[in-house]
*Asks:* 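Following this message is one structure expressed as C-alpha cells.
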Amino acid sequence: MISQRKDDHVRLAVEQQHGHIGRNQFDEVTFVHHALAGIDRPRVSLATGFAGLSWPVPLYINAMTGGSAMTGRINRDLAIAARRTGVPIASGSMSAYFKDESCAGTFSVLREENPDGFVLANVNATASVENARRAVGLLAADALQIHVNTVQETVMPEGDRSFSAWVPRIGRIAAAVDVPVIVKEVGFGLSRETVLTLRELGVRAADLGGRGGTDFARIENGRRDLRDYGYLEGWGLSTAACLLDVQGVDLPVLASGGVRHPLDVARALALGARGVGASGTFLRTLMDGGVDALVDQLTTWLDQLAALMTMLGAASPDELTRRDLLIQGSLREFCADRGID
Ligand code: FNR
C-alpha cells in the first residue's frame, strides 16, 4: 500500500506541474533596481552555511521519494544529477523502510550514486529515536529532516489523527541523533510561532516548506477522486510569507515550496534563507527529460543565480540578504496583519 501511495504521489505531483504552477506570493517580492550596484562575476561565491554545515551552493533537491521500484529508479536519477552538479539532496520519507527492509535499496541508492555529496535522510514526526538513527545510518546522512504534515495526514483516509506527540518526539530525536536535525513542512508553511517552538526543541534549522508549488491537499484528494477535502486545497502560508514571518528569529531557515526559477531563489535568499529547495519542478524535469535534462536545469539555475547576484551587487548569499526589497499586494497585507515591519 505504501509503495502504491509513493507512485501516486509522483504521478499526481508531475500532473500538477504540467497543469502549471502559476503566480504565487514570490511575485510580490521585488528587488529595488539600483543601476550601478553590479559587481564582477568572478567575485561571486555561491557557498553557504548554517548549523555548522557548509554547502557549495544555496540550492537543494528537496525530499520526495523512495519505497517502490519506480521511486527507487527516480532516486537513482536524482542522486546522479546531484552528484554531477554538487547540489545537496534529501530523501523522501523513509517510513516504508522501517516497515519493510527489503526496500532499503530504493533509499540507499541516494548515497551509492552520490558518495561524496551532501545527503539528508527524512522521517516523519512519529519516528522512534531508533528509526531516526537507522535512517541516518542507511544513507550515511549528513543531516536529518523530520517532516511535519498535519494537513496531508488529515486529507488521507489512512492518515494520522494524533498529533500531540509530535512536539516531544521531535525534541527526543533532535537530542539523540548525531547529525543536525531540520524540521520541514511539505507545502503548507511554518509560522513564526512554530519556528520558535522548534528552536526550543533543539532543532538546528527550519525548512519553511510553504504554499505556492506542490499542493499535497490536492494530491491526496486526487488519489481518490472524491475531493472530500477540496476546501483544504490552497491552505497554508506561502514560502515568502513564512520568510517574512520568521524575520529576527534566532534559528537558520531554509526556504522551499513554490520555488519556480532562479529569481525565486534570489528572492528567498534576500528574505533571509540560508538555502533554497525545490521538489516538484525538478521531478517534472526528470520525468519529462531524464537525468541530462535535470543536470541542465540545475546547472542553468546555479549559473543564472550567480548572474543575478552579479547584477544585484551581492558577492555571497549572505550579501544578498542585505539588498533592498519591495513587498507588495497581499504579502504586504499579511505583514500588516502579523505586525511585521
Ligand atoms: C514530496 N514532499 C515530501 N516531503 C517530505 O518531507 N517527505 C516526503 O516523503 C515527501 N514526498 C514528496 C513526494 C513528491 C512526489 C513531491 C513532489 C514532494 C514535499 C516536498 O519536499 C516539498 O516540501 C513540497 O513538494 C513543496 O515544494 P515544491 O514541490 O513546491 O518545490
Side-chain angles (χ1 to χ4, degrees), residues 2-22 24-26 59-68 70-71 74-75 77-78 88-98 103 106-107 110 120-127 135 143-153 156 159 170 181-190 206-220 222-223 234-240 242 254-261 264-265 268 273 275-287 297 301:
I2 289 196
S3 70
Q4 181 58 49
R5 182 159 87 227
K6 300 297 160 184
D7 291 358
D8 286 351
H9 286 167
V10 167
R11 179 175 52 82
L12 292 162
V14 172
E15 247 176 62
Q16 255 181 41
Q17 292 286 327
H18 283 151
H20 191 65
I21 304 286
N24 67 30
Q25 277 187 323
F26 276 122
L59 181 68
Y60 58 102
I61 301 172
N62 214 352
M64 279 186 271
T65 205
S68 68
M70 178 183 81
T71 58
I74 292 173
N75 270 347
D77 288 351
L78 291 172
I89 183 170
S91 167
S93 170
M94 296 171 73
S95 313
Y97 162 62
F98 306 145
C103 69
T106 67
F107 296 102
L110 287 173
L120 299 102
N122 183 295
V123 299
N124 63 33
T126 63
L144 174 68
Q145 291 181 328
I146 304 176
H147 65 267
V148 292
N149 61 338
T150 52
V151 181
Q152 184 187 4
E153 295 291 339
M156 277 164 57
I170 289 169
V181 166
I182 299 168
V183 168
K184 75 180 284 287
E185 241 290 357
V186 303
F188 302 99
L190 299 176
D207 178 338
L208 300 172
R211 189 191 71 208
T214 304
D215 181 342
F216 260 93
R218 225 172 107 201
I219 288 182
E220 295 298 348
R223 281 179 56 220
W235 180 278
L237 298 172
S238 76
T239 303
C242 294
L254 302 173
S256 69
V259 173
R260 302 157 297 177
H261 43 57
D264 285 346
V265 178
V276 183
S279 295
T281 183
F282 294 151
L283 180 65
R284 175 197 173 159
T285 300
L286 179 67
M287 300 306 274
Q297 185 179 32
W301 279 38

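In listed order, ligands and their atoms are each counted from 1.
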*Asks:* Are a donor atom and an acceptor atom from the side chains of Asn124 and Ser93 found within less than 3.5 Å of each other?
*Replies:*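 Result is no, nothing qualifies.
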*Asks:* Identify the two heavy atoms, one from Ala268 and one from Ala255, that lie closest to each other, and give their separation to 0.1 Å.
*Replies:*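 So the two residues come closest at CB-CB, 3.8 Å.
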*Asks:* Looking at CD of Glu220 and CG of Asn149, how far apart are the two atoms once the value is rounded to the nearest 0.5 Å?
*Replies:*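 Separation between the atoms: 9.0 Å.
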*Asks:* Name all residues meeting the side-chain contact (heavy atoms from CB on, under 4.5 Å) criterion together with Ser3; count only those two or more places apart in sequence or in a different chain, and write none if there are none.
*Replies:*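 Only Ser68 meet the side-chain contact (heavy atoms from CB on, under 4.5 Å) criterion with Ser3.
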*Asks:* Identify, chain by chain and in numerical order, each protein residue with a heavy atom under 4.0 Å from an atom of ligand 1.
*Replies:*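 Near ligand 1, by chain and number: His9, Val10, Ala13, Asn62, Ala63, Met64, Gly92, Ser93, Asn122, His147, Lys184, Glu185, Val186, Gly213, Thr214, Phe216, Gly257, Gly258, Ala278, Ser279, Gly280, Leu283.
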*Asks:* side-chain contact (heavy atoms from CB on, under 4.5 Å) with Glu185: which residues, sequence neighbours excluded?
*Replies:*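 In terms of side-chain contact (heavy atoms from CB on, under 4.5 Å), with neighbours along the sequence ignored, Glu185 is linked to Val148, Phe188, Leu190.
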*Asks:* Can you name the residues that form a side-chain contact (heavy atoms from CB on, under 4.5 Å) with Glu15, not counting sequence neighbours?
*Replies:*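 Glu15 satisfies side-chain contact (heavy atoms from CB on, under 4.5 Å) with Arg11, Leu12 only.
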